[in-house]
Amino acid sequence: MAQIIKRIFTDKTFLFTAILALLSLGFGTVKTSDIDVKTLMALLSLIILISIFEVLGILKFFAGFIIEKCKNLRQIVLVVLLLSFFGSMFFTNDVAILTLIPIIFNINRKVKLPKISLISLTTIYANLGSAITPFGNPQNLYLVSFYHLKLFDFFMHSLPIGFISLLTLFFSSFFYSKVLISQLSQERFTIKKREFYLLGLTTFVVLLGLLNFLPIWSSLLASLGCAFLINKHIYKEVDYGIILTFLNFFIIVGALSRIPVIHNFITDLMQGETSIFFTSIGASQLISNVPAAVLLSKFTGHFTPIYLGVTIGGLGTLVASLANLLAFRQYQLYARASSPIKFLLYFTFLNILLLTIFILVGLGLL
């Protein structure tokens, strides 16, 4: 317990957001409804599940499998980005990031990878891929429900941006070398039948919870129970700091949204589809796209500009999407000796580059 507490209070991201949360309380009020408990529970269940996969060596096995099937660096990059893009459609962008970033680091132990650029692009295409389905990310679920959108109508909006995203994904892969990689022999992987069935059942329950077929608390209980039965030391490896950081973030957004001057300012901005589109992008850069979708939907009946704005707005700053923050935390966790500044600079550069491209795409789709 002492080790966990020490890790939390030496977590600079948590401490920074905690200070901002305390300051924001001095300007606005916070309601319990501002704290998305479901998101926090879902995230915690995912982090625990991925920790179990790591402890059992499954992520290391998948890393070896990808290396074994790919002949060069570009193929590895393409496979990882495609897994991120299509995986996020069905299992959410958070799942894609939590699963793939540890795999990238496992691959890097055998084959030298440009980790920072690959993690950055993996996050970008997890965000873009998740925008294509109604359940790919939290803001889609909220917007479809809020605007009472039919499935066909949603896909009419999402498929064009999904197609363009896929084209940019293939184009991005061409910037990586086709240098041949050593075909390393795959290490022998074994797992006990009891652990295999237990982990399979837990994964199934967690995914059903994420897709709203089961209450999300059942996913959390399943992952906690699985960790207890397989290896109780897993609890010590869980990154509780990211959960508390997200909690701080919800407090900040809730407080800021109730400041009268900000409320009036948003009302003045939400005039016309183009203005709504740019307001959604701008708000996402400051408070992230999930709370931006919730906040701005209350000011307009236009779905298209808000959907495009918060989708494209997930690119850009570190806080533009909660998934971006999650990717940064994963990088810090696995690249302990590396400077986070270098990651932030490269991550921001690539995000702003893609943000600029997709703003033009979004204007064309309005």
Side-chain angles (χ1 to χ4, degrees), residues 36-63 65-66 79-104 122-123 125-145 151 154-155 158 162 191 193-231 234-235 237-239 242-243 246 290 321-323 326-327 329-330:
D36 192 338
V37 177
K38 181 180 176 182
T39 296
L40 296 177
M41 292 175 70
L43 186 56
L44 182 56
S45 64
L46 281 171
I47 291 173
I48 294 170
L49 184 64
I50 296 301
S51 297
I52 298 170
F53 273 79
E54 179 74 36
V55 166
L56 292 178
I58 295 173
L59 296 182
K60 188 177 180 181
F61 167 76
F62 275 117
F65 181 80
I66 291 173
V79 168
V80 170
L81 295 184
L82 287 172
L83 284 172
S84 179
F85 185 74
F86 287 104
S88 63
M89 290 185 199
F90 303 102
F91 303 116
T92 78
N93 49 355
D94 292 343
V95 174
I97 290 165
L98 283 170
T99 305
L100 289 172
I101 290 179
I103 288 176
I104 289 171
T122 298
T123 307
Y125 287 107
N127 281 325
L128 292 172
S130 70
I132 298 172
T133 58
F135 45 80
N137 55 47
Q139 66 266 28
N140 282 4
L141 283 169
Y142 170 79
L143 290 173
V144 168
S145 173
L151 196 61
F154 176 83
F155 282 124
S158 69
I191 184 172
K193 281 188 177 180
R194 172 181 170 274
E195 293 175 341
F196 175 78
Y197 290 122
L198 183 59
L199 185 56
L201 178 61
T202 302
T203 303
F204 184 65
V205 171
V206 169
L207 291 178
L208 286 180
L210 291 173
L211 297 174
N212 294 313
F213 290 111
L214 287 176
I216 196 62
W217 56 261
S218 62
S219 295
L220 181 56
L221 286 178
S223 59
L224 285 168
C226 185
F228 180 82
L229 293 172
I230 289 178
N231 189 336
I234 290 170
Y235 296 138
E237 303 301 319
V238 174
D239 184 9
I242 186 62
I243 306 298
F246 272 50
V290 177
S321 165
L322 295 179
L326 189 59
R329 295 290 297 139
Q330 288 291 99

Next item on the list: Would you check if the side chain of Ser84 reaches a backbone N or O of Ala96 as a donor-acceptor pair within less than 3.5 Å?
Entry: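 Not confirmed, Ser84 side chain does not pair with Ala96 backbone.
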
Next item on the list: Please answer whether the main-chain N or O of Met89 pairs with a side-chain N or O of Thr133 as donor and acceptor at a distance below 3.5 Å.
Entry: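 Yes; judged by distance alone, with no hydrogens or angles, the pair exists.
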
Item checked: Residues forming a side chain to side chain contact (heavy atoms under 4.5 Å, CB included) with Ser130, sequence neighbours excluded ->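 Partners of Ser130 under the side chain to side chain contact (heavy atoms under 4.5 Å, CB included) test: Ser88, Asn93, Asn137.
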
For [X] and [Y], work out which heavy atoms get closest and say how close.
{"X": "Thr122", "Y": "Ile104", "value": "OG1-CD1, 3.7 Å"}
{"X": "Ile48", "Y": "Ile234", "value": "O-CG2, 4.4 Å"}
{"X": "Ala126", "Y": "Ile97", "value": "CB-CG1, 4.1 Å"}
{"X": "Phe85", "Y": "Ile132", "value": "CZ-CD1, 3.5 Å"}
{"X": "Thr123", "Y": "Ala327", "value": "OG1-CB, 3.2 Å"}

Notebook entry, point to check: For the atom pair CD1 (Ile101) and CG (Leu326), what is the distance rounded to the nearest 0.5 Å?
Noted result: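 Between atom CD1 of Ile101 and atom CG of Leu326 there are 7.0 Å.
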
Checklist line | Atom pair OG1/CD of Thr99 and Gln330 - distance to nearest 0.5 Å | finding: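 Those atoms lie 9.0 Å apart.
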
Margin query: Set out, in order, the CA-CA distance, both residues' side-chain angles and the distance that settles side-chain contact (heavy atoms from CB on, under 4.5 Å) for Phe154 and Leu143, then state yes or no.
Written below: CA-CA 10 Å; Phe154 176 83; Leu143 290 173; over 6 Å; no

Notebook entry, point to check: Does the side chain of Ile243 reach to within under 4.5 Å of the side chain of Ile47, using non-hydrogen atoms?
Noted result: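 They are in contact (side-chain heavy atoms under 4.5 Å apart), so the answer is yes.
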
Margin query: Taking the side chain as everything from C-beta on, heavy atoms only, tell me whether Leu199 gets closer than 4.5 Å to Thr203.
Written below: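 A side-chain contact exists here, since the closest heavy-atom pair is under 4.5 Å.
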
Using distance only, find each side-chain donor-acceptor pair of residues 214-231 under 3.5 Å and give its atom names and separation, not counting sequence neighbours.
| residue | atom | partner | partner atom | Å |
| --- | --- | --- | --- | --- |
| Ser218 | OG | Pro215 | O | 2.4 |
| Ser219 | OG | Val205 | O | 3.2 |
| Ser219 | OG | Val206 | O | 3.2 |
| Ser223 | OG | Ser219 | O | 3.3 |
| Ser223 | OG | Leu220 | O | 2.9 |
| Asn231 | OD1 | His233 | N | 3.0 |

